[in-house]
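Worksheet for the structure shown next.
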There are 2 protein chains.
Amino acid sequence: MRMAELSARSGVPTATIKFYLREGLLPPGERLSATQAAYGEEHLRRLSLVRALIQVGRMPVATAREVLAAVDDETLDQHNRLGVAAWALPSPAPGLAAGEDDEAARTARRAVGTLMAELGWEEFGPGSPAYETLVGAVAALARLGYPCDAARLTRFARVAEELARTDLDLLEELESTAEQVEASVALTVLHEPVLLCLRRLAQAEESARRFPAPPERRAGPG
Amino acid sequence: MRMAELSARSGVPTATIKFYLREGLLPPGERLSATQAAYGEEHLRRLSLVRALIQVGRMPVATAREVLAAVDDETLDQHNRLGVAAWALPSPAPGLAAGEDDEAARTARRAVGTLMAELGWEEFGPGSPAYETLVGAVAALARLGYPCDAARLTRFARVAEELARTDLDLLEELESTAEQVEASVALTVLHEPVLLCLRRLAQAEESARRFPAPPERRAGPG
DNA sequence: GTCGATTGGAGAGTGGCACTATCCAATAAT
DNA sequence: ATTATTGGATAGTGCCACTCTCCAATCGAC
């Protein structure tokens with residue numbers, strides 16, 4: 001398959017594919033001659049993954065390169081490959097991670113620390129992108145007057161555990177470590193919109209249930 | 001409070017506040033003279049909300065203006081104010097909403113339709129941002145070979161319901177409709193990073209549990 | 001073989017968008 | 001009176017994903 005076909009099958013313009021090749025997001029095709037290269041199904045797949053990371057995950061190109069490097073790094077054992085990839089994934093809400101150090105931030109940090117201790121979570125501690133962004137989000141909520149105390153955080157954490165089990169179940173069905181690492185990245189990113197969209201739909205339902213529409217006044221004069 | 005103080009207390013540069021005023025994201029302050037205006041606590045609060053929508057929710061300025069217009073629209077009843085605000089919120093993953101119409105997309109649309117029917121969800125049907133983005137996300141998963149079938153979607157949907165109940169419980173504690181609409185928007189946006197970060201932390205834990213690190217070989221020669 | 005079309009590669013350019021720097025006249029502070 | 005500050009308007013900046021343009025090598029049709 002040459003670039004034109006890769007472009008046609010993926011729906012990505014050739015100019016963009018060239019750009020990804022240049023940026024190292026896509027491995028070069030097999031060189032057939034000085035000006036020809038052949039791409040395989042693995043390029044098509046990688047291209048889909050790149051698009052998912054960048055367009056769905058809103059990941060900067062440089063970050064996507066790091067994540068993919070971890071996915072491809074055969075020298076690491078499975079545990080670390082999964083870990084490096086997960087660590088490199090950008091936080092869901094940049095701009096929260098480096099929040100100010102006010103009262104709200106300190107309270108939030110304490111609350112998150114307590115939660116982690118209670119749950120016994122210690123893989124990703126303070127300093128990890130996810131942890132710091134979580135602190136920032138809880139602080140932002142506090143500043144607007146919406147408390148996110150231990151009880152509420154715990155409720156969210158239980159839900160998160162359920163989601164994590166769902167993803168890991170799917171991961172375990174795969175055979176090779178390479179497949180699992182790629183799946184880990186893809187599912188982390190692509191399940192996010194699934195979850196968030198369903199949450200919004202569920203909110204609309206629950207909202208309509210609790211705050212029903214008033215009886216319709218058809219064609220009323222205002 | 002004048003602009004300098006508003007800036008100091010919010011941490012937002014005055015140039016940016018001026019920009020928000022110009023764009024209609026922030027109502028003008030009370031005019032004291034031709035060149036002076038006073039801002040109140042409500043401006044500080046609105047400014048925090050604007051920052052949350054734009055920086056945390058990654059919402060375009062124009063969209064934030066629409067959402068805030070719905071929040072402020074006193075002419076609508078509560079049901080519709082909540083609905084308009086929710087509809088205007090941008091989808092969590094733009095670029096998925098307008099996916100191609102291939103086999104994966106059709107299958108995804110069918111799966112989502114079935115799910116909605118089974119759950120009896122009908123507030124936001126096809127055409128709504130959340131619904132269309134969900135279809136796009138399921139299709140993207142299918143193209144990468146990760147099925148998101150009815151069973152898995154249902155599992156996610158149950159989780160989403162739980163989350164929605166959590167948010168609505170908090171909403172019902174508020175007194176005025178105005179507060180509730182604002183809270184609805186703020187919680188929809190700000191709980192997203194909380195949930196997503198906790199999910200990533202949970203994934204790391206679960207992953208470490210299922211794929212433990214191999215016994216450390218300290219200072220090994222490679 | 002020859003010649004137009006296509007390919008891959010490299011660099012500069014474009015567009016969108018959130019912000020920001022610069023001015024300016026009017027007013028507040030001293 | 002004089003200097004600093006404020007609010008307002010306008011134009012500019014920086015970032016970043018992408019896209020355009022050009023070029024030489026090569027492929028394919030005749």
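What's counted below: heavy atoms across the whole structure, side chains too, no hydrogens, waters or symmetry copies. Quick caveat: nothing in here was measured; it's all calculated off a predicted structure.
We find that CG of L25(A) is positioned 12 Å from C1' of dC18(D), with the value rounded to whole Å. Across the protein-nucleic acid pair, R58(B) atom CZ and dC19(C) atom C1' stand 17 Å apart, rounded to whole Å. Taking atom CG of L6(A) as the reference point, atom C1' of dT7(C) lies 13 Å away to the nearest angstrom. Atom CG of L26(B) and atom P of dG8(D) are 11 Å apart (whole Å). Atom CE of M1(B) is separated from atom P of dT6(D) by 14 Å (rounded to the nearest Å). Atom-to-atom, CD1 of I54(B) to P of dT20(C) comes out at 12 Å; the value is rounded to the nearest Å. Note: CZ (R2(B)) to C1' (dG8(D)) measures 16 Å, nearest angstrom. Taking atom CG of L47(A) as the reference point, atom P of dC18(D) lies 11 Å away to the nearest angstrom.
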- Item | Verdict with supporting geometry, R46(B) and L25(B), side-chain contact (heavy atoms from CB on, under 4.5 Å) | CA-CA 8 Å; R46(B) 169 55 58 98; L25(B) 300 182; over 6 Å; no
- Output, in order, the C-alpha distance, side-chain angles, deciding distance and verdict of side-chain hydrogen bond (donor to acceptor under 3.5 Å, both in side chains) for T166(B) and R155(A). CA-CA 8 Å; T166(B) 304; R155(A) 213 166 152 184; 3.2 Å; yes
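Projected onto DNA chain C by closest heavy-atom contact, K18(B) and V61(B) fall at different nucleotides, the more 5' of which corresponds to V61(B). In this structure, R22(B) and M3(B) both approach DNA chain D, and ranking their closest nucleotides by distance from the 5' end singles out M3(B). Closest-nucleotide positions on DNA chain D for Y20(A) and L21(B) were compared, and the one nearer the 5' end corresponds to L21(B).
Proximity note for Q36(B) (side chain, C-beta onward) versus dG8(D), dT19(D), dA28(C): the nearest is dA28(C). Proximity note for F19(B) (side chain, C-beta onward) versus dT7(C), dC18(D), dC19(C): the nearest is dC19(C). Closest to the side chain of T16(A), from the set dT6(D), dC19(C), dC18(D), is dC18(D). Checking dT20(C), dG7(D), dT7(C) against every side-chain atom of Y39(B), the shortest atom distance belongs to dG7(D). Closest to the side chain of S33(B), from the set dG8(D), dG8(C), dA28(C), is dA28(C). Closest contact between the side chain of A15(A) and the listed nucleotides dT19(D), dC19(C), dC18(D) involves dT19(D).
Between the H79(B) side chain and the A208(A) main chain, no donor and acceptor come within less than 3.5 Å of each other. For the pair R2(A) (side chain) and Y39(A) (backbone), a donor-acceptor distance under 3.5 Å is absent.
Residue Q55(A) places no side-chain N or O under 4.0 Å from the OP1 or OP2 atom of dC16(D).
Within the 4.0 angstrom heavy-atom criterion, only backbone atoms of the sugar-phosphate kind lie near A34(A); the bases stay farther away. No engagement by E23(B) is indicated, since no non-hydrogen atom pair under 4.0 Å with the nucleic acid exists. Using a 4.0 Å heavy-atom cutoff across all strands shown, R31(B) reaches sugar-phosphate atoms only and no base atom. Within 4.0 Å of E5(B), counting heavy atoms only, lies no atom of the nucleic acid at all.
Here R45(A) does not pair with E42(A) in a salt bridge; the nearest charged N to carboxylate O distance is not below 4.0 Å.
Ring centroid separation for the pair H191(B) and F156(A) comes in under the 6.0 Å cut-off.
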